[in-house]
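First up is the structure itself, then whatever we jot down about it.
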Amino acid sequence: MAKILIPTPLRQFAEKNNSVDVAAATVGEALASLTTQFPDLRKNLFNDEGKLRSFVNVYVNDEDIRYLQKDATAVGDGDTISIVPSIAGGRC
Amino acid sequence: MLTQEEVSRYSRHLIMPEVGVDGQEKLKAAKVLLIGTGGLGAPVAMYLAAAGVGTIGLVDFDVVDVSNLQRQVIHGTKDIGKKKIDSAEETMRDINPLIKIVKHEVALTSENALAIMRDYDIIADGTDNFPTRFLINDACVMLNKPNVYASIFRFEGQATIFAADGGPCYRCLYPEPPPPGLVPSCAEGGVLGILPGVVGLIQATEVVKLILGAGEPLIGRLMLYDALAMRFRELKLRKNPECICSTGDVKLIDYDHFCGIQKPEPPPVVGEISPTEVKTMIDSRQDFILIDVREPHEFQIGRIPTSNLIPLGELPKRIADLDPNAHYVLHCKMGGRSAKGCDALRAAGFKRVFNMTGGITAWSEQVDPTVPKY
Ligand SMILES: [Zn+2]
């Protein structure tokens, strides 16, 4: 099982979970499993073509999947997948 | 050269070999621009002033509002209604009269950004919106100045240094800003008042380290802070060879022209209804269902008496219980979430669905001031 960490802005679409364990061999499978479980997350993570949105990054442990094998990046027991959306707050 | 007064004031720095007289002189000679004097800018400005950063520029055009005081500790109750840069300057002068404070009372735009930022060594981004963050990044890339970055949401923060020599920039991480509506703002999402203190001081720490050339700067690393878990995590940031910071293909853009985030009042569109019209419908006992899509804790702060609470996240599950032929008005705090709720109902085949513009905030302003604004 890999653990997916759900960031604060997206928890409202994942029944307020801050992490979800999924059985998956790759990042792509893990995110597919996540968005099957929580369909409302899908449009926040993926665009209409099914590609990850440009303001959302996905990390396996501390590495950006864009510099690994993207969706095909292997995950296994003990790996942590982080979804890191851009947040803008500061002056507010 | 440090004056006798400065030697006394900064003695705790001077006796530390990592700073010393040389370091304090570097701080005195440094010019740092703080963009935004809100949640993040407040602690950064106060501590950098105290530390003896010789020139501190402030960019802000906002005025102090009572709802700022829960976190913007540079401003006080006596400052409500004052310009934030004036209030910030006063606090900083009280902390340290020996430094120079330069006030820029403007909104940063593609036209003025380079001229304002050019005179500074380090830029600290403490703004609250994507258009300005992308503008600051791009200007820092063009001017080759480090952008000490932080952002906050509810109880989470992010911090890093962008556009430092050889390091990644904001666009290496996120190539473009999100479309409006997909990412909640602080005003809609809230922020734990203490959070910008912790995250802002990470920013201030990195500014001081860059000036001193001390330690390991937060370059190529994104620090994530979760206040509820009290956990810091670090992710690797890499310079994207296709990014503007590598290709040099940089042009300043005012994203708000098409991003819509900063526009004050969008023109009314089909499917919207104003709070005063809703009030008239209630008073004339028209047959419609008013749905408040905010969260229960917001509903507790204040509500419209005839409203029914269905938080946006629960709406999809409740659609089956709702009559698709009825007349609906949805509202939230400011109109963003209820617009999404309206979309969901329309997508489910509901025909008469209206979004109350400006949410309960506008209701409080236009109809019933006894409903507290938050
Ligand atoms: Zn870049």
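A note on names: the letters A, B, ... follow the listed sequences, proteins ahead of strands, and every chain is numbered from 1. Everything quoted here is computed from the prediction, not taken from an experiment.
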Exercise. For B:Tyr374 and B:Glu298, does a side-chain donor sit closer than 3.5 Å to a side-chain acceptor?
Worked result: yes
Exercise. Do A:Lys51's NZ or CZ and the ring of A:Phe46 fall within the cation-pi criteria of under 6.0 Å and 45°?
Worked result: no
Exercise. Considering only heavy atoms, which portion of B:Glu234 lies under 4.5 Å from any heavy atom of chain A: side chain, backbone, both, or neither?
Worked result: backbone
Exercise. Can you tell me if B:Arg133 and A:Ser86 form a side-chain donor-acceptor pair at under 3.5 Å?
Worked result: no
Problem set entry | Toward chain B, the part of A:Asn57 with a non-hydrogen atom under 4.5 Å | both
Problem set entry | Best-contacting candidate, B:Leu173, B:Val199, B:Leu312, B:Asn240, against chain A by heavy atom pairs under 4.5 angstrom | B:Leu173
Exercise. Which heavy-atom pair separates B:Phe134 from B:Tyr170 by the least distance, and what is that distance?
Worked result: CE1-CE2, 3.5 Å
For this session: Could you look at A:Val84 and say if it's the side chain, the backbone, both or neither that has a heavy atom under 4.5 Å from chain B?
Result: both
Problem set entry | NZ/NE/NH1/NH2 to OD/OE distance under 4.0 Å, B:Asp138 and B:Arg171 | yes
For this session: Under 4.5 Å heavy-atom distance to chain A, tell me which part of B:Arg221 shows up: side chain, backbone, both or neither.
Result: neither
For this session: Side chain from CB out, backbone as N, CA, C, O: work out which of these in A:Asn61 comes under 4.5 Å of a heavy atom of chain B, or both, or neither.
Result: backbone
Problem set entry | Side chain / backbone / both / neither for B:Glu314 at chain A, heavy atoms under 4.5 Å | neither
Exercise. Does B:Ser67 offer a backbone N or O that forms a donor-acceptor pair with the side chain of B:Arg71 under 3.5 Å?
Worked result: yes
